[in-house]
Amino acid sequence: MARHAQRVVKRLVFTALLLLGTLLSGCSSLHSPLPLTEKTEKPLRTAVYVGTGVAYRFTQGEWQRQPSYDYDFSVVQRFHEDGWESVKEIYRRHPDYDGRAGDRDQTLYFRVKTLPADGNSRTLHVQSSWGQGRGTADAGLNSVVVEFSPDISRFAPFNAFRIIQKFSYDEGRLRETVEIFKKNDGQERPFMKMEEEADLYLPAMRRP
């Protein structure tokens, strides 16, 4: 009888754990790093970027490599009439990564709205995982600069991000620098930067 009771208890515990895991996985599936919408917006065109990011930290007056912060990434970019939407997946694979920049695997979201070109310049307004940003681009969107000022602790070693992008559409390449720095009284103190390079993939032309 004692052994039978133990088996019954074990089955009950296993069933309870299984149900708990199912419930937790169901709850977690409701959360998303992307904004929610009831209607899918069909893009005018879609591009995919696949590349790597190389990390540096500003220490003792110079940039020093931080290999444990390097990452692979991919970006799906969907273009619309008023701009574009980018979903970026980051994967940090180095075994010595310390977690200070967040999870090893991250999803970042950027929704960029472009104002009409004024000469050879465009103004950009951005909603993103880093908060609101503002930037500029040339009329052909070959060069893009966007800056973000997230709401973080004043004790943090940084309070701003800057993205600098250079698109080479003919070569199918993207070069991007992500700068992380402290901004105070008009002065900037660099903290970290990531140098990214990626290949650009566009859909094949459809035959008539």
Has the side chain of [X] got a donor or acceptor atom that lies under 3.5 Å from a matching backbone atom of [Y]?
{"X": "R122", "Y": "A139", "answer": "yes"}
{"X": "S153", "Y": "F155", "answer": "yes"}
{"X": "S128", "Y": "G131", "answer": "yes"}
{"X": "D138", "Y": "S143", "answer": "yes"}

Is it true that [X] and [Y] make a salt bridge, defined as a side-chain N closer than 4.0 Å to a carboxylate O?
{"X": "E147", "Y": "K183", "result": "yes"}
{"X": "E197", "Y": "R173", "result": "yes"}
{"X": "R65", "Y": "E195", "result": "no"}
{"X": "D82", "Y": "R111", "result": "yes"}

Quick one: is the NZ or CZ of [X] closer than 6.0 Å to the six-membered ring centre of [Y], and within 45° of its axis?
{"X": "K193", "Y": "Y56", "result": "yes"}
{"X": "K88", "Y": "Y109", "result": "no"}
{"X": "R57", "Y": "Y69", "result": "yes"}

Report task. Consider only side-chain N and O atoms of T107 and E89, and report whether a donor and an acceptor are under 3.5 Å apart. Result -> yes
Requested in this report: Examine the side chains of Y71 and E196 and answer whether a donor and an acceptor come within less than 3.5 Å of each other.
Outcome: yes
If you look at every heavy atom in [X] and [Y], which pair is closest and at what distance?
{"X": "L44", "Y": "H80", "answer": "CD1-C, 3.7 Å"}
{"X": "L174", "Y": "E176", "answer": "CD2-OE1, 4.0 Å"}
{"X": "H94", "Y": "P67", "answer": "CD2-O, 3.6 Å"}
{"X": "A55", "Y": "D70", "answer": "N-OD1, 2.8 Å"}

Query raised in the report: Mind checking whether I163 and V144 have side chains closer than 4.5 Å, heavy atoms only?
Result: no
Query raised in the report: For the ring pair W130 and F110, is the centre-to-centre distance below 6.0 Å?
Result: yes
Report task. Check whether the ring centres of F161 and F148 lie less than 6.0 Å apart, and answer yes or no. Result -> no
